[in-house]
Amino acid sequence: MKTENIEDIYELTSIQKGILFESLYKPEFGIYLFQMIVTLRGSLNVVAFDRAWQQIVARHTALRTSFYWEDIEKPLQVVHRQVKVLSGTIGGSRSS
């Protein structure tokens with residue numbers, strides 16, 4: 001982790017500690033993992049779509065936050081100044 005890309009560091013809240021514990025203790029349950037798959041039909045401007053997601057991530061710190069708990073005394077959440085959004089498509093071609 002590059003320290004120049006760190007905006008802030010926080011200890012986990014009690015709720016976050018509980019979620020981390022449950023997620024590590026029973027990872028097969030996935031109770032705190034939410035995923036949504038969306039199928040888009042028609043033409044998609046992938047460049048604009050990627051750019052929009054990058055702007056959303058830049059605006060909201062929760063989307064630039066990662067969690068560290070291994071080999072440290074207390075689990076931490078780290079807010080990064082910048083995060084590069086990776087994107088791609090499945091089952092289709094990229095068009096702009």
Side-chain angles (χ1 to χ4, degrees):
M1 170 181 13
K2 296 179 180 179
T3 57
E4 63 270 8
N5 193 35
I6 294 175
E7 184 172 313
D8 223 331
I9 298 176
Y10 303 100
E11 287 188 27
L12 271 58
T13 65
S14 296
I15 294 290
Q16 289 172 320
K17 289 176 186 175
I19 291 171
L20 176 61
F21 172 80
E22 291 290 332
S23 297
L24 295 173
Y25 184 68
K26 297 268 186 175
E28 66 276 7
F29 287 137
I31 46 181
Y32 297 107
L33 176 65
F34 302 102
Q35 294 182 358
M36 181 172 56
I37 298 172
V38 178
T39 301
L40 301 174
R41 300 199 191 313
S43 181
L44 173 67
N45 184 333
V46 176
V47 173
F49 185 79
D50 291 349
R51 192 176 305 132
W53 270 112
Q54 189 65 55
Q55 289 175 352
I56 291 167
V57 169
R59 186 174 298 136
H60 299 284
T61 58
L63 299 176
R64 292 183 278 113
T65 300
S66 56
F67 293 83
Y68 297 86
W69 64 89
E70 295 177 318
D71 302 322
I72 57 176
E73 186 178 323
K74 294 180 182 178
L76 299 171
Q77 55 182 316
V78 176
V79 180
H80 303 276
R81 292 185 196 283
Q82 295 180 326
V83 173
K84 173 73 173 137
V85 175
L86 301 177
S87 66
T89 59
I90 299 172
S93 62
R94 292 179 66 93
S95 60
S96 51

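Numbers here simply count residues along the sequence, with the first being 1. Model, not experiment: these values are computed from the prediction.
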Point to revise | Minimum-distance pair of heavy atoms, taken over all atoms of Val83 and His80 | key: CG2-CB, 3.9 Å
Review point. Is there side-chain contact between Phe67 and Leu12, with at least one heavy-atom pair below 4.5 Å?
Key: yes
Study note, to complete from the structure: Residues passing the salt bridge (Lys or Arg N to Asp or Glu O under 4.0 Å) test with Glu22, sequence neighbours excluded, are none
Check your understanding: Is it true that atom CD of Gln35 has more than 12 heavy atoms of other residues, nucleotides or ligands lying nearer than 6.0 Å?
Key -> no
Practice item. Mark yes or no for whether Gln55, through its side chain, and Ala52, through its backbone, hold a donor-acceptor pair below 3.5 Å. Key: no
Point to revise | Over all atoms of both residues, closest heavy-atom pair of Leu20 and Pro75 | key: CD2-CB, 3.9 Å
**Study point:** Co-membership, hydrophobic cluster, residues Met36 and Ile56, 4.5 Å side-chain
**Key:** yes
Check your understanding: Are Leu33 and Val38 grouped together when hydrophobic residues (ILVMFWY) are joined by side-chain heavy atoms under 4.5 angstrom apart?
Key -> no
**Study point:** Test item: Asn5 side-chain N/O and Gln82 main-chain N/O as donor-acceptor pair under 3.5 Å
**Key:** yes
Check your understanding: What do you reckon, is CD of Glu4 surrounded by more than 12 foreign heavy atoms closer than 6.0 Å?
Key -> yes
Check your understanding: Got Asp50 and Gln54 here, is their nearest side-chain heavy-atom distance under 4.5 Å?
Key -> no
Review point. For Tyr10 and Val78, what are the C-alpha separation, side-chain angles and deciding distance, and is it a side-chain contact (heavy atoms from CB on, under 4.5 Å)?
Key: CA-CA 7 Å; Tyr10 303 100; Val78 176; over 6 Å; no
Review point. Are Ile37 and Leu40 co-members of a hydrophobic cluster defined by side-chain heavy atoms under 4.5 Å apart?
Key: no
Check your understanding: With a 4.5 Å heavy-atom cut-off, do Thr61 and Arg64 have their side chains touching?
Key -> yes
Review point. Pairs in or reaching into residues 22-46: which pass ring-ring contact (aromatic ring centres under 6.0 Å, His included), with residues at least two apart or in two chains?
Key: Phe21-Tyr25
Practice item. Give, for atom OG of Ser23 and atom CD1 of Ile31, the distance between the pair rounded to the nearest 0.5 Å. Key: 6.5 Å
**Study point:** Presence of salt bridge, Glu7 and Arg81, under 4.0 angstrom
**Key:** no
Study note, to complete from the structure: Looking only at heavy atoms, the pair that brings Val85 and Trp53 closest together is CG2-O, 4.0 Å
Check your understanding: Taking atom OG of Ser14 and atom CD1 of Ile19, what is their separation to the nearest 0.5 Å?
Key -> 11.0 Å
Exercise for review: Quick one: do Gln77 and Ile9 satisfy side-chain contact (heavy atoms from CB on, under 4.5 Å)? Show the steps, please.
Suggested key: CA-CA 6 Å; Gln77 55 182 316; Ile9 298 176; over 6 Å; no
Point to revise | Atom CD1 of Ile15: over 12 foreign heavy atoms under 6.0 Å | key: no
Revision key, fill the gap. Taken to the nearest 0.5 Å, the spacing of His60 NE2 from Thr65 OG1 works out to 12.0 Å
Exercise for review: Any chance you could lay out the side-chain contact (heavy atoms from CB on, under 4.5 Å) test for Trp69 and Leu76, step after step, and finish with the verdict?
Suggested key: CA-CA 6 Å; Trp69 64 89; Leu76 299 171; over 6 Å; no
